[in-house]
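Inspection log for the structure reproduced underneath, given as structure tokens.
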Amino acid sequence: MSRFHSSLSRRDFMKALGITGAGIGTAAAASTTFKDIDGMITSGAAPKKPWWVKEADKATVEFDWSQIERFDARKVMNSPMGPPQWVSTEEWANVEKVAADNQANWIKEGKPGYTLRDHALYRGAMGGEGSPGVTSYTWLGPQKSPTPEKLGTTAWQGTPEENTAMLRSALRFFGAADIGVVELDENVKKLVYTYPRVAPYKRYEFEAVDKGYEDDEKWVIPSTKKLYVVSIVSQSSIDGYTTTPSWIQRAASDNTVRLNSGILAATQEFLRTLGYQGLAGHERNAIGPAPAFATLAGLGELCRNTQVLTPDYGLMVRSVRLITDLPLAPTKPIDAGIWRFCHDCAKCAEACVSQAIPHEKEPSWDIPGGWNNPGKKVWYVNAVKCQSTRNMLTRDCGLCMTACVYTKKDYAGIHKVVKGTISSTGVFNSFFKNMDDFFGYGTEFGPNYNPLLGNFNENADDFWTSPIPQFGVNSMIGLQNR
Ligand code: SF4
Ligand code: SF4
């Protein structure tokens with residue numbers, strides 16, 4: 001039950017703020033272009049983004065491409081090869097033991113969020129990861145659909161703009177929330193990993209060939225033609241995430257991972273029948289870092305917990321990528337005030353049980369460890385702290401994602417007013433953060449849950465009696481904004 005939207009109208013909300021449309025407009029007039037408060041609520045806006053999301057020539061986070069080199073993803077902490085590089089054998093063995101004990105004990109004891117049915121939900125959501133036809137990511141896709149030659153015709157021809165619009169329609173139809181596109185130019189090539197995070201540890205290689213392929217040693221990306229990276233975001237269930245920390249939250253994450261594998265396979269077959277290639281990687285985090293590609297493609301802004309924070313869905317997304325030779329019109333980065341807001345907020349850092357997210361107002365160029373690729377000025381998360389805690393919480397956490405001010409159900413549309421204001425002025429940032437702490441905006445969530453200290457999310461069981469939308473998400477969110 002919401003503590004906020006059910007009893008407060010928009011008018012009451014503005015009165016409570018102590019600022020009328022004119023008042024807030026006065027504050028915003030000093031910053032950037034601003035539309036009145038009713039416009040914020042009712043605007044159908046641009047066909048592609050809510051009106052308060054501005055396109056920008058570069059991402060709001062600072063990149064220094066001269067510092068960025070292709071990165072070996074076997075170094076990251078959530079690679080099976082990561083922890084031994086950054087944590088002592090004894091320390092990691094202890095983490096694994098605590099994780100195994102917690103899993104067994106919490107199921108037996110029926111702890112909230114960690115019962116057998118909660119665990120079964122997670123196992124079902126994963127779909128037996130790697131199982132053919134269920135959760136199976138592949139470099140070239142199923143390769144079953146007919147090519148244009150087989151159909152007695154030639155490849156699809158459209159302008160890049162038409163093709164991007166066509167691809168967005170197809171992917172929305174397949175289940176994605178949104179897509180963004182970047183050209184695979186010399187800078188963006190530096191974001192393609194050298195080796196992947198999980199086995200098989202074949203190299204990603206650029207070769208002077210027309211068609212991508214794979215063999216026992218490498219995944220090959222053609223270097224003779226113009227290519228594009230399509231970033232895809234799909235929604236995760238906020239109903240699942242608000243049970244965090246729990247197996248249900250993990251299920252909410254892996255439900256999206258399972259759907260994403262199907263979306264990628266469908267897209268690969270769609271492209272094949274159009275006469276083009278789709279190279280998608282062999283696992284959920286393949287090709288390169290999701291936040292970087294999604295941020296450059298304008299699906300959101302990089303945020304304090306170094307994920308991509310989307311204007312429409314907050315942090316309730318999982319992102320995958322695909323490389324194609326279908327001529328596309330790249331999408332631009334965005335500025336919705338999110339990056340600026342993170343400077344004044346730090347709510348995720350306060351919610352983090354391992355204190356892995358920096359609290360400082362300003363981001364930094366300095367990396368905390370070799371598990372990071374340098375070259376961006378961000379709030380680097382201490383991945384050793386985060387991953388150890390996630391493991392001990394039996395594989396995931398999600399407290400930061402759920403605590404985020406942008407991760408809201410937003411039934412009343414009031415949150416749109418807040419987001420619109422944030423995009424125009426930073427004057428109210430601290431106020432909105434404090435107000436979010438107080439009201440919760442419809443997300444029943446306690447940031448102090450830490451099962452490692454015996455504090456379980458007592459509301460987790462409510463998931464099993466709440467009405468759950470299909471696939472666990474509200475598929476109308478983006479449309480209502482547009
Ligand atoms: S997932 Fe959990 S431990 Fe990791 S940064 Fe987020 S809140 Fe902290
Ligand atoms: S909780 Fe606040 S600081 Fe953290 S990602 Fe969300 S908006 Fe940014």
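Since we're looking at a predicted model, the values are computed, not measured. These values consider heavy atoms only, across backbone and side chains, with no hydrogens, waters or symmetry-generated copies. Counting convention: from 1, in listed order, for ligands and their atoms alike.
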Step through the shown structure and confirm whether more than 12 heavy atoms of other residues, nucleotides or ligands are within 6.0 Å of [atom1] on [X].
X: E69; atom1: CD; result: no
X: Q470; atom1: CD; result: no
X: F471; atom1: CZ; result: no

> Protein N/O/S atoms under 2.8 Å of atom 8 (Fe) of ligand 1?
Replying inline: C352 SG
>> If we set the cut-off at 4.0 Å for heavy atoms, which region of A346 has an atom near ligand 2: side chain, backbone, both, or neither?
In response: backbone
> For ligand 2, is any non-hydrogen atom under 4.0 Å from C404's backbone (N, CA, C, O), its side chain (CB onward), both, or neither?
Replying inline: both
>> Using a 4.0 Å cut-off to any heavy atom of F341, which atoms of ligand 2 qualify?
In response: 7 (S)
> What are the atoms of ligand 1, with element, lying closer than 4.0 Å to any heavy atom of G398?
Replying inline: 1 (S)
Backbone N or O of [Y] within a donor-acceptor pair of the [X] side chain at under 3.5 Å?
X: T244; Y: C397; value: yes
X: N474; Y: M476; value: yes
X: R321; Y: G288; value: yes

>> Run the side chain to side chain contact (heavy atoms under 4.5 Å, CB included) test on D396 and S253 for me, step by step, so that the C-alpha distance in whole Å, both residues' side-chain angles and the decisive distance to 0.1 Å come before the verdict.
In response: CA-CA 9 Å; D396 210 352; S253 170; 4.1 Å; yes
